[in-house]
Number of protein chains: 2
Amino acid sequence: MEAYQRLLEHNIKPSMQRIAIMKYLMTHSTHPSADVIYTELSPTMPTLSKTTVYNTLKLFAEQGAALMLTIDDKNVNFDGDTSLHAHFLCKSCGRIYDLPVPEASKSVEMYEVEGHRILEVHNYYKGICKECFEKRNID
Amino acid sequence: MEAYQRLLEHNIKPSMQRIAIMKYLMTHSTHPSADVIYTELSPTMPTLSKTTVYNTLKLFAEQGAALMLTIDDKNVNFDGDTSLHAHFLCKSCGRIYDLPVPEASKSVEMYEVEGHRILEVHNYYKGICKECFEKRNID
DNA sequence: GTGCTTGCAAATCGTTTGCAATAGC
DNA sequence: GCTATTGCAAACGATTTGCAAGCAC
């Protein structure tokens, strides 16, 4: 699907900046931070400002067009893939990987627990990723 | 159990400050931030510094004596209860509640997935808590 | 007295805010 | 022209760092 279409589907009025940021999210499954997106897009969009990147990502998250991940305490990360999946943060290299949600948890759908209305479910794992482990790249 | 004992069990050399912070965590299930702990302890420990609170909490987390929660993008929160449970963040009032992990997920014990070594599992829910929902206290 | 712990002040850095300039209908 | 969007610079605030002083064995 195109970035432009995706914005319309989430009731987001398209603009050059919004399309560029959505396209970046759709073509990079690296769970970038706002700063990374700004740095990457900046060369080809010299007038882009960091404020716009922050505003846009916040808007995407609010409209359900992207996920806001709080797995890393250093900064917030974004994911253009809004389907059900878990995330793994490598404590050594800082990369975030996608992981499937364990089969046993898939059936669990909760919208309310102990009176609290649940709007988002986050499944985070933290540890040492395969690459760092094999390289003994542990700090 | 006493805070002092708890420190020893986690190979943490006890000190006045460390005991006070551990005691605070053990008697408050409010998932405080470093700043909250500092503000609460400060009156009775006037010489306590924020740096020490940050250092101590980091040490506790490293030694497995406390959990470091990244559920809130505003700041990191700490939990003295290291047993298996989930967390719920109210997007309206910001409070963090403990929740049981769904029965179906309890059996899932993973230490390695797709080659990545898993050291921590975090189960976060976000939404509107019972109190805020009943009060229509939604922003 | 050596090494760990503490505390102050300053620095860092991700993120937000205020507000003026701009673009799109 | 009116409203929403963008962008710059400044502000903010949580956390970290450098380093000197204090404590414990």
Side-chain angles (χ1 to χ4, degrees), chain A residues 3-4 7-8 10-24 30-63 65-66 68-78 89 91 94 96 139, chain B residues 3-4 7-8 10-22 24 31-63 65-66 68-78 89 91 94 96 139:
Chain A
Y4 179 84
L7 295 180
L8 292 182
H10 289 277
N11 299 309
I12 298 165
K13 200 187 288 185
S15 73
M16 295 299 288
Q17 292 85 341
R18 290 172 177 179
I19 291 168
I21 294 170
M22 177 52 80
K23 187 176 284 179
Y24 187 88
T30 50
H31 314 90
S33 64
D35 201 78
V36 165
I37 294 174
Y38 170 75
T39 306
E40 294 276 301
L41 294 182
S42 212
T44 50
M45 286 187 81
T47 67
L48 182 67
S49 87
K50 224 177 241 190
T51 304
T52 298
V53 176
Y54 276 102
N55 288 341
T56 301
L57 290 170
K58 189 182 173 193
L59 179 66
F60 286 3
E62 284 168 358
Q63 296 298 110
M68 178 186 276
L69 308 181
T70 59
I71 193 171
D72 189 348
D73 56 304
K74 302 300 175 195
N75 50 30
V76 172
N77 296 272
F78 294 88
L89 170 70
K91 290 178 151 196
I96 297 173
D139 283 333
Chain B
Y4 180 83
L7 295 179
L8 292 181
H10 288 277
N11 298 310
I12 297 165
K13 200 187 288 184
S15 73
M16 295 298 289
Q17 293 84 342
R18 289 171 179 180
I19 292 168
I21 294 170
M22 177 53 80
Y24 187 88
H31 314 91
S33 64
D35 200 78
V36 165
I37 295 174
Y38 169 75
T39 305
E40 295 276 303
L41 294 182
S42 211
T44 50
M45 287 187 81
T47 67
L48 181 66
S49 86
K50 225 177 240 188
T51 305
T52 298
V53 176
Y54 276 101
N55 288 341
T56 301
L57 291 170
K58 188 183 173 193
L59 178 66
F60 286 2
E62 284 167 358
Q63 297 298 107
M68 178 187 276
L69 308 181
T70 59
I71 193 171
D72 189 346
D73 56 304
K74 302 300 176 194
N75 50 29
V76 172
N77 297 273
F78 294 87
L89 170 70
K91 291 178 149 197
I96 296 172
D139 284 330

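Bear in mind the structure is a predicted one, so any value in this text is a computation, not a measurement. The figures that follow rest on heavy atoms only: side chains count, while hydrogens, waters and symmetry mates do not. Letters go in sequence order (proteins before strands), and every chain restarts at 1.
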Q: Mind calculating the distance between CG (A:Asn55) and P (C:dT17) to the nearest angstrom?
A: 10 Å

Q. Whole-Å distance between D:dT15 C1' and B:Asp35 CG?
A. 10 Å

(Q) Can you tell me if A:Gln17 touches the phosphate of C:dA23, counting only side-chain N or O atoms and a distance under 4.0 Å to OP1 or OP2? (A) no

Q.
Can you tell me which nucleotide in C:dG7, D:dT15, D:dC8 comes closest to the side chain of A:Ser49?
A. D:dC8

Q. Among D:dA4, C:dG7, D:dG7, which is the nearest nucleotide to the side chain of B:Thr52?
A. C:dG7

Q) Should B:Tyr54 be listed as having a side-chain N or O under 4.0 Å from OP1 or OP2 of D:dT15? A) yes

**Q.** Touch class at under 4.0 angstrom, heavy-atom based, for A:Thr47 against every strand present
**A.** sugar-phosphate

Q: May I have the step-by-step check of side-chain contact (heavy atoms from CB on, under 4.5 Å) for A:Leu57 and A:Met68, ending in yes or no?
A: CA-CA 8 Å; A:Leu57 290 170; A:Met68 178 186 276; over 6 Å; no

Q. For the pair made of CE in A:Met16 and P in D:dA4, what is the distance, rounded to whole Å?
A. 22 Å

Q) Of A:Pro46 and A:Leu59, whose nearest nucleotide on DNA chain D comes first from the 5' end? A) A:Leu59

Q: Could you please spell out the steps behind the side-chain contact (heavy atoms from CB on, under 4.5 Å) verdict for B:Val36 and B:Phe78?
A: CA-CA 10 Å; B:Val36 165; B:Phe78 294 87; over 6 Å; no

**Q.** Closest to side chain of B:Ala34, choosing from D:dT15, C:dG7, D:dT6
**A.** D:dT15

Q) Starting at CD1 of B:Ile12 and ending at P of C:dC4, how long is that distance when rounded to a whole Å? A) 16 Å

Q) Once you round it to whole Å, what is the distance between P of D:dT16 and NZ of B:Lys58? A) 6 Å

Q.
Could you check whether any side-chain N or O of A:Arg18 sits under 3.5 Å from a backbone N or O of A:Lys13, counting only pairs where one atom can act as donor and the other as acceptor?
A. yes

Q: With DNA chain C as reference, determine whether B:Tyr38 or B:Lys74 sits nearer its 5' end, using the nearest nucleotide of each.
A: B:Tyr38

Q: Write down the distance between NZ (B:Lys50) and P (C:dT6), rounded to a whole number of angstrom.
A: 18 Å

Q: Please report the C-alpha distance between B:Ile12 and B:Leu59 in whole Å, then the side-chain angles of each, then the deciding distance to 0.1 Å, and finally whether the side-chain contact (heavy atoms from CB on, under 4.5 Å) criterion is met.
A: CA-CA 8 Å; B:Ile12 297 165; B:Leu59 178 66; 3.8 Å; yes

(Q) With a 4.0 Å cutoff (strictly under), does any side-chain N or O of A:Ser15 reach OP1 or OP2 of D:dA4? (A) no

Q.
Is there a side-chain contact (heavy atoms from CB on, under 4.5 Å) between A:Ile21 and A:Val53? Walk through the geometry before answering.
A. CA-CA 7 Å; A:Ile21 294 170; A:Val53 176; 4.2 Å; yes

Q. Atom CD1 of A:Ile19 and atom P of D:dT6: how far apart are they, to the nearest Å?
A. 10 Å

**Q.** Between C:dT6 (P) and B:Leu41 (CG): distance, integer Å
**A.** 13 Å

Q. What is the nucleic acid contact for A:Thr51, judged by heavy atoms within less than 4.0 Å: base, sugar-phosphate only, or nothing?
A. base

